[in-house]
Number of protein chains: 4
Amino acid sequence: MIKAGIIGSTGYAGAELVRLLLQHPEAEIVWYGSRSYTGQKYADIYRNMFQIVDADCLGDDLDELAKQADVIFTATPQGFCASVIGDGILENTKVIDLSADFRLKRVDVYEQWYHLTHKAPSYIKEAVYGLCEINRDKIAGARLIANPGCYTTTSILTLYPLVREGLIDLKSIIVDAKSGTSGAGRGAKVPNLFCEVNESIKPYGVTTHRHTPEIEEQLSYAAGLDYMGGESILINFTPHLVPMNRGILATCYASLKEGVSEERIGEAYQKYYGNETFIRLLGAGQFPETRWVEGSNFVDIGYKVDPRTGRVIAVGALDNLVKGAAGQAVQNMNILFGLPEDTGLKLVPVFP
Amino acid sequence: MIKAGIIGSTGYAGAELVRLLLQHPEAEIVWYGSRSYTGQKYADIYRNMFQIVDADCLGDDLDELAKQADVIFTATPQGFCASVIGDGILENTKVIDLSADFRLKRVDVYEQWYHLTHKAPSYIKEAVYGLCEINRDKIAGARLIANPGCYTTTSILTLYPLVREGLIDLKSIIVDAKSGTSGAGRGAKVPNLFCEVNESIKPYGVTTHRHTPEIEEQLSYAAGLDYMGGESILINFTPHLVPMNRGILATCYASLKEGVSEERIGEAYQKYYGNETFIRLLGAGQFPETRWVEGSNFVDIGYKVDPRTGRVIAVGALDNLVKGAAGQAVQNMNILFGLPEDTGLKLVPVFP
Amino acid sequence: MIKAGIIGSTGYAGAELVRLLLQHPEAEIVWYGSRSYTGQKYADIYRNMFQIVDADCLGDDLDELAKQADVIFTATPQGFCASVIGDGILENTKVIDLSADFRLKRVDVYEQWYHLTHKAPSYIKEAVYGLCEINRDKIAGARLIANPGCYTTTSILTLYPLVREGLIDLKSIIVDAKSGTSGAGRGAKVPNLFCEVNESIKPYGVTTHRHTPEIEEQLSYAAGLDYMGGESILINFTPHLVPMNRGILATCYASLKEGVSEERIGEAYQKYYGNETFIRLLGAGQFPETRWVEGSNFVDIGYKVDPRTGRVIAVGALDNLVKGAAGQAVQNMNILFGLPEDTGLKLVPVFP
Amino acid sequence: MIKAGIIGSTGYAGAELVRLLLQHPEAEIVWYGSRSYTGQKYADIYRNMFQIVDADCLGDDLDELAKQADVIFTATPQGFCASVIGDGILENTKVIDLSADFRLKRVDVYEQWYHLTHKAPSYIKEAVYGLCEINRDKIAGARLIANPGCYTTTSILTLYPLVREGLIDLKSIIVDAKSGTSGAGRGAKVPNLFCEVNESIKPYGVTTHRHTPEIEEQLSYAAGLDYMGGESILINFTPHLVPMNRGILATCYASLKEGVSEERIGEAYQKYYGNETFIRLLGAGQFPETRWVEGSNFVDIGYKVDPRTGRVIAVGALDNLVKGAAGQAVQNMNILFGLPEDTGLKLVPVFP
């Protein structure tokens, strides 16, 4: 059994990690970390866990935890993981960081978009970006995994084959994304109150959302650009808040290169994802809906070419708490420990 | 492996059966029946099942199905199961009926509340009411199970210990229940449209809802009344439609008999449910919320005595599609086939 | 034009007062009070008011406000109005208090249920309980109005004719109420976050909710009991939180006195409400839904007698922010200033 | 008083017309037409109208209606208005058609996108496209108004100043739109059931939605193109269904022409909308949310320039049933009859 510790187990992503690990046949949770609720019973904070989890919430002493755990998940605010990471920890345990601390390879980009000074730049190079379908091989031998963001997982996976195969104009990419409200976290803020979110939709972080450079960096690699040398795809990324608990939908627009057909698009998706367990290709003219992936680790992708405008519209959907956070983290854990990638993740989507 | 056939697999309860059986380690689905969608791919009707279920929808030929299946689930409208049941089928296979056809022992009561002529009254006596926590022993040897209704499971389980132990005035029982909209089924009707249900709550079936006599009958047995001889507890049962997908909450009111304390109430719950896997007793003054049981087979129960009025308020909550329908049906299947009762049902509630 | 000041204009009830007064032909708002947002533009807090309200939020200096305003609405937490009220204010202006400070005539009951020491007990006697349909005459000449609570308005209006006419057993009353989430206010608390409320229903304040004694007191008057002398109806009142913005539904149960027919019930409602503008009697067997009153000042009431149990089930519905708070406050203002009671309140319910 | 008749008064847009006209000081409704509910009481279909509307639903005899009414609103499916319109009617009365029959000037485009043969092509030229802020002058003298679609009103008003002033690349326009579910109408269809829409977001009509050519035509006029001669802007328009009752948000993307600054964008909006009653300009970097316009006739517009990509992101929001349908129809009526444009439309947005 893999011994797993969770720092930040009382946020929504952390709680989803708890749900998934409890149902994982090869893992057990040895540490429910929660700065806000240290000392309280975990099941008092998440009453769905009544009579399932008996543990109390512990603090965030990573050195102690590293002695007990084979893997540590940090489902914490930006900056935390970078402030505590160190060789002492990494020699004892694997770390899967669900925050953005190690997602961006360029410190300057991190500091510009996150308005934070990076506390552990020396570990950035070592960290592997944990987008399983793309980076599987690198993940296998890593000590420190940067688990991708929810919007970014959706956006990158939707666009990757098109960029990788050189089918679209790299200057033309627009991602219009929509997210359920669990993505905003469990912090007590007026804008996240029921009456403020319900019966409304709004854009936010327009041109400034932090997932933008993460998408740009990964797509730049796919395009073969010298990202570290300063080359980069630039995109427009606009997230919207939707009155639902879970789900992300990314509607992606790009201009096709001369002569690229819808069939060619389909072949590209097939080439990269045809054998993937967690990516379901809906085919041309079929589009995903978040309800069909809820509670599961699937990403559903559909697309269509508009001959009138010469653009492809590709749409991806996933559950932001599963494939967009905790599910992908478990998938990374499975790779790290040599388990079949879908261990504990054969979750049938819950509907309605 | 238990071979299972589902008649009515494209209703919400049927689809939930599919979800649960797909994740059940000892069962496989051999028949996806659907009168409305015969011949179509199941995954085209429920796109969450894309690349999970490859089968087409079949019709409702129970004789043929009985040859192939060890157990048949009928998740069909009232009247269907009674119109097709017969010895030929029951000699070959177990039948678990999710409709009301065999829930009521008195034909006259069935016909009065359902406004239907019962087509198979001779099988009523044989049928076992599949409320697992109460009728476990009888279920084990049965051929035909009447799977309880969603409101009734919640209401009966919440009130059973109080009635059985003689703690409350049997004439004083009121059940005010609230249900998510999946309970109304997938029929295309104006009152179930999003804009009609959203942002509203309404009572319906006031004094006439068909789950009323089902609750009354089972509680009458618990009270030791001669129900078949004409004795019966009479209750007020008022269901309400709530703008959410899943969940039932039953708020039950009853006058305490002289001298009954809150402690005594707690002991009664402990006596009957203390060892139950799927009933979680929250204790005095703690009340359930439907979000904490969503997606799981749990029933959460809390209670409180009001010394001012001499009443106990007991509240139960469950997921209407799981413990209120498909989950309990699988639990019944497990009992019928000698499996541990929680096989395939160790579902951690999904939140948020 | 009536000059109106609002203390607590940035809570949901206060904001609804703003909306109603802006559309009132005989009133204008001269003071947008808000302790939390003093100095900020009102339209920055409520962006629906952009280009409609140009004012900044002011503080809560009631003495100063009393000089400017003909009427002051206090949409403030319990205890505030009692702590500032005084003759200086009441000689200059009318006060309509939307909190509970002056709703209960017995200080001991107030202090017991609210766990507060009452700061102005000498004004309790003078204050008039502003349930317009019942207390219209007393309201007309008052200086200080205690605007009723949302649950209480629904519950009392639904039960009043039955109690007043002596048709029901006074010991048998149970009110099972359901409310939209705006009733919980705009405070930033985890239990009111979108993901915590959405897709769930829960009871709260079981046997302890503060609207209980308010309902009991008013119904005791209706029954002709010597409430101040210690006589009182006692009821069970159980509120539930529903995932919707607005609306209250109160499902009321009571045992009928010997020989009382459904027809007699109908006559009683007709007698007291037959000419009321804002009470819509749906008749026997017809029940209200909150969607049909949303945005309006209506209370819809329906009922049914259950001959099996001898009970009447009466259900009332209103919009908690309108007839349950701001609308009734404006109705009180209209009475105080001799205007037709429906001035500014001829609001057609908004659906969907 | 203007005598108004409504054909299709029991759809959501028709019902909103009823709500608005009931509160309009200069109009009265003389005909509640409804093919589906002819002969039934209107208030039985829309119970919010109980004791407000006493009329029965009538049929769709436009000749008879034209004798009684000064203005007829057709809130009917595509094809109806074209099939009944004629000089006899137009000589007696004004017609405001809320369907698409007369919105597109080119019959071939209409027939291509709507898959219908146009029944009255000779009236297309006469019809005036009723986008009030743009076509006010032409509307004033018209007999037949083509009331714009909900998505189109949002999209055109958001983009118009940018196109008109030549600030953006006409080949670069993408509109990613999101709508509440009332836009899907009141037809009883499975995809519009509560459980199908709730907790999900989906794109639909990708590259084929019928509002596309309507937006293209109007923007082509703004750009000075010879639309009838075959010139046209081509855009990508992607609508999404959002789990809320009302509201449309259109997120528009376009590449700026060389040297166009954010300031210049702001000036353009100011130039065309600075004096408009119903368009609220939020300014640079401020974005609309549908909750802030709900129940009102406002369109809120915000924008931002992204210097990294050279694009402007402009976002518009309105209530699809008001400014997107019934409100704009009433605004058109006001213009037709020489009333101040905001008569009966000074609606403060309802929040929450």
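Reckoned from all heavy atoms, side chains included, excluding hydrogens, waters and symmetry mates. Note that the coordinates shown come from a computational prediction; the quantities given were computed from them, not determined experimentally. Just so we're on the same page: letters track the sequence lines, and every chain starts at 1.
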For the candidates [options], which exhibits the highest count of non-hydrogen atom pairs separated by less than 4.5 Å from chain D?
{"options": "Pro352(A), Ser172(A), Pro203(A)", "result": "Pro203(A)"}
{"options": "Asn236(A), Asn245(A), Thr208(A)", "result": "Asn236(A)"}
{"options": "Ala317(A), Pro307(A), Pro288(A)", "result": "Pro288(A)"}
{"options": "Ile174(A), Ile235(A), Thr251(A), Leu234(A)", "result": "Ile174(A)"}
{"options": "Ile201(A), Ile248(A), Thr207(A)", "result": "Ile201(A)"}
{"options": "Arg308(A), Glu294(A), Arg246(A), Lys304(A)", "result": "Arg308(A)"}

Chain A heavy atoms under 4.5 Å from [X]: which part of the residue, side chain, backbone, both or neither?
{"X": "Tyr204(D)", "result": "neither"}
{"X": "Glu216(D)", "result": "side chain"}
{"X": "Val242(D)", "result": "side chain"}
{"X": "Ile233(D)", "result": "neither"}

Would you compute the distance between atom [atom1] of [X] and atom [atom2] of [Y] and round it to the nearest 0.5 angstrom?
{"X": "Thr158(D)", "Y": "Leu249(D)", "atom1": "OG1", "atom2": "CG", "result": "8.5 Å"}
{"X": "Tyr151(D)", "Y": "Ile156(D)", "atom1": "OH", "atom2": "CD1", "result": "14.5 Å"}
{"X": "Met244(A)", "Y": "Ser182(A)", "atom1": "CE", "atom2": "OG", "result": "8.5 Å"}

[Y] and [X] aromatic ring geometry - parallel, tilted or perpendicular at 30°/60° bounds:
{"X": "His211(D)", "Y": "His209(D)", "answer": "perpendicular"}
{"X": "Tyr12(A)", "Y": "Tyr46(A)", "answer": "perpendicular"}
{"X": "Tyr303(A)", "Y": "Tyr269(A)", "answer": "parallel"}

Note: [X]-[Y] ion pair, threshold 4.0 Å (strictly below):
{"X": "Asp176(D)", "Y": "Lys178(A)", "value": "yes"}
{"X": "Arg106(A)", "Y": "Asp108(A)", "value": "yes"}
{"X": "Arg103(D)", "Y": "Glu217(D)", "value": "no"}

Contact residues of residues 254-268 of chain D (partner chain A; heavy-atom separation under 4.5 angstrom)
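Residues in range: none.
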Verify whether one side chain among Glu214(D) and Thr152(D) offers a donor that lies under 3.5 Å from an acceptor in the other.
yes
So for Ile173(A), is it side chain, backbone, both, or neither that comes closer than 4.5 Å to the heavy atoms of chain D?
backbone
Checking Thr212(A) against chain D: side chain, backbone, both or neither under 4.5 Å from a heavy atom?
side chain
Check whether Phe298(A) forms a cation-pi arrangement with Arg280(A) (NZ or CZ under 6.0 Å from the six-membered ring centre, at most 45° off the ring normal).
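The answer is yes; both the distance and angle limits are met.
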Leu219(A) and Val163(A): which non-hydrogen atoms are nearest, and at how many Å?
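Shortest heavy-atom contact: O-CG1, 3.4 Å.
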